Protein chains: 4
Amino acid sequence: MSARIQEPRSGGEPRRGETLIQQRNRKIILCAALDEFSAHGFHGASIANIARAAGLSKANLLYYFSRKEELYRALLTSLIDTWGVPLTSLDPDGDPREELLSYVRRKLQQTRTMPRESRLLANEILQGGPHLEGETLESLRRIVQSKTDLIRSWSAAGRIPHVDAPHLLISIWALTQNYADYDSQIRRLLGEEADISDTPQTFLETLYGSLLAS
Amino acid sequence: MSARIQEPRSGGEPRRGETLIQQRNRKIILCAALDEFSAHGFHGASIANIARAAGLSKANLLYYFSRKEELYRALLTSLIDTWGVPLTSLDPDGDPREELLSYVRRKLQQTRTMPRESRLLANEILQGGPHLEGETLESLRRIVQSKTDLIRSWSAAGRIPHVDAPHLLISIWALTQNYADYDSQIRRLLGEEADISDTPQTFLETLYGSLLAS
Amino acid sequence: MSARIQEPRSGGEPRRGETLIQQRNRKIILCAALDEFSAHGFHGASIANIARAAGLSKANLLYYFSRKEELYRALLTSLIDTWGVPLTSLDPDGDPREELLSYVRRKLQQTRTMPRESRLLANEILQGGPHLEGETLESLRRIVQSKTDLIRSWSAAGRIPHVDAPHLLISIWALTQNYADYDSQIRRLLGEEADISDTPQTFLETLYGSLLAS
Amino acid sequence: MSARIQEPRSGGEPRRGETLIQQRNRKIILCAALDEFSAHGFHGASIANIARAAGLSKANLLYYFSRKEELYRALLTSLIDTWGVPLTSLDPDGDPREELLSYVRRKLQQTRTMPRESRLLANEILQGGPHLEGETLESLRRIVQSKTDLIRSWSAAGRIPHVDAPHLLISIWALTQNYADYDSQIRRLLGEEADISDTPQTFLETLYGSLLAS
DNA sequence: CATGAATGAGAATTCATTCAT
DNA sequence: CATGAATGAATTCTCATTCAT
């Protein structure tokens, strides 16, 4: 898992017929774009900044992605896939409770190691997802579908208490996402001296642990 | 409570020394601004749009709020207060578990009746809160502080299971926020035909119910 | 002399039919305008600033001077007269050399006690005097005319060496003006540690003293 | 000397790494800017005007100088150097009196052939030099320093009468500047029919001639 | 592949001025 | 006398995008 999560981070697959230089540049651009878009949102981001960060001229950048939106979309597409990865390892043959708790752990870790990616997606979603096309989501949807089915079957078999599967997943996403994005802000909300004794992980385990306790 | 939440919605209290016209226009402007900012974010929003929506000339709008940022800040400030309201009704003398569950309910309702406000705050927070000044947060902080103390005392008295107070609140915020913002997107993620049997409220009650069960 | 130079400084004569309040406000406005216009030039000056400095509302200021230009013109007019005053005391019956040197002294002193006024006039003149109407200058012209005649008569009588009268006056104006306006800048040009041993007055007396020496 | 004064007039040296087009456009822009700024001052000048005069689009102009102030500064910088040129030819080995008088002549000529440049500098200086940075002045300062030393040495050696060196230079600047800037205005002040028999040059030679006469 | 040059459409402000009260 | 409210025109500057080389 960690390999796929860490490595290609932002790139999308190399396309056929591309020079090595082209592949390299695409990657560099997407990486710079991730920085910029996640920090300032779609409108706040500027192509000039991305080009500078990537060490290319604006015109050259636009040779690779001919419009701002195209670049943004490419970025989203490459992220959406990665985003779904932790879910795939949910094992039908494992212990249900253990499997789900370990999914929570994996998801939390992913969010924390990829805060920019998380922020970007959250931001896009906040705007109502105007740049996410249906097809982009299709494969993700399939995974989700199969896993909600799995959870439902566990539930039906009485191996975990009854719980609405989609809501369970959604809540996990929201809570883990939260720890990537809201972190610094939460400190400000609560004040620097707020005494938070538990780690996010401990808390989440307690929360989902008691939900899934028989 | 609901009165304060519904009514002034976006405006802040009328200030001393303000003409009637001023009060009216300030309200209209803030309302239009809420629409625009929550839909497009700070950078994506345009003063021209807000002015048009408010039925004023750009110059006239700037007569009331002399810069885009001032308008945005005024909006945030007026929202932050409202945002903290549901927390205030957490009653030290009530039944702990019942009190907390009903806070969840109130918070969820607030989020759903004020999706624009929620989106705006979330957006701001995602960017790292560059427009939120310390003082804006102070009163909110005080409420939060007193309520985390209350929860801790309940926990210490064994009236609810041990749970980290700040984390509990944070999780409630994240989850309820989620139902305002991510709703449509979640539908898209899961597919239109996804069968979600429970309502958000049912799910949240189950989740926090089991966490707080003795 | 000093009375007329010091006192009305910027005001113009009170007009018939004006309330006391009106007279007072006119004066205050002109005074504030002098500050602003002399500091930033015609274009750089803003009516809002002047109004604020005068403690009036913009609209009220425009009640007195209905356009920016009118205010500026009124200011210039009131200054031009004052500006010519030192020349009037040039005494046909005194010692020519002594009279001229003492005119230099008076002019220098005026410039230094009224730097804002000097700067304003110089600025206007630099732009080619687009706001100075012929009539404004008429009375000044008459004085100058009579005094150049006087100087010429002294020169013709051999009481001072031959020197072109208009040029003499012009040079005095330019040099004294210079000491009001260019002062700080000259320090910067020469460096803070420049050792200037003479005062402007000493230098000017030496310069004109040797020119007028028999 | 005159070559350097006439030729690059407004531009500064072409920088390394500049395209031919860039060099050309920079020159054209600076030239148009000189017209506009010298005529209306910094605030009165408009980028749109300059662009029109240069035959470029506003946006294209801003491609070369990304802000109004940058353009203005570039202009000033290129002028300041030129401005100091006549002083450099002051020859330690020549006849002191003759050298100084010929400096006056050179300076006067420069001022008259470059009235826009003179007006611009004078204007800037009148505002207190808010756009002149210390470094811009450094080289100029060095020249001035070496020349005041020279004059002082002449004075100490008794080859010219005692005169305060900085004051001497300052007076020359003020008087010559005056003939560029105040010319038309002086005509108006004195009236069209004023009989000015001497030329500026004659007058200045008389003035400084008598000051420097042994 | 890459880039310098150019641009049009808009962005936020500023500001003198007008109008009704 | 005085002012709050309103505005239109202009101004500086930004930015994604295009074009020619």
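Computed from a prediction, not measured in an experiment: that's the story for all the values here. Letters A, B, ... mirror the listed sequences (proteins, then strands); counts begin at 1.
- E/dC19 and F/dG4 make up a base pair, with Watson-Crick or G-U wobble contacts both under 3.5 Å.
- Remark: C1' of F/dC13 and OH of D/Tyr72 are 20 Å apart, rounded to the nearest angstrom.
- Relative orientation of the B/His40 and A/His43 rings is perpendicular, given thresholds of 30° and 60° on the angle between their planes.
- Distance CG (B/Leu20) to P (F/dA6): 12 Å, rounded to an integer number of Å.
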Next item on the list: Applying side chain to side chain contact (heavy atoms under 4.5 Å, CB included), run through A/Leu120 and A/Tyr72 and close with a yes or a no.
Entry: CA-CA 10 Å; A/Leu120 188 68; A/Tyr72 185 67; 3.9 Å; yes
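- Between the CG atom of C/Leu56 and the C1' atom of F/dT3 there is a distance of 11 Å, rounded to whole Å.
- In terms of position along DNA chain F, the nucleotide closest to C/Ile21 lies nearer the 5' end than the nucleotide closest to the other residue of the pair B/Gly55 and C/Ile21.
- Cation-pi geometry between B/Arg26 and B/Phe65 is met: the NZ or CZ atom falls under 6.0 Å from the ring centre, inside 45° of the normal.
- Here F/dA9 sits opposite E/dT14 as a Watson-Crick or G-U wobble pair (both hydrogen-bonding atom distances under 3.5 Å).
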Next item on the list: Evaluate the criterion side chain to side chain contact (heavy atoms under 4.5 Å, CB included) for residue pair C/Asn49 and C/Arg52; output intermediate values, then yes/no.
Entry: CA-CA 5 Å; C/Asn49 276 349; C/Arg52 194 177 319 118; 3.1 Å; yes
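- Ranked by how close their nearest DNA chain E nucleotide is to the 5' end, D/Tyr63 and B/Asn49 are led by D/Tyr63.
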Item checked: Protein-to-nucleotide contact annotation, 5' to 3' order, nucleotides 16-21 of chain E [B base; S sugar-phosphate only; - none; under 4.0 Å, heavy atom] -> BBB---
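- When rounded to the nearest whole Å, the span between CG of A/Leu61 and C1' of E/dA2 equals 12 Å.
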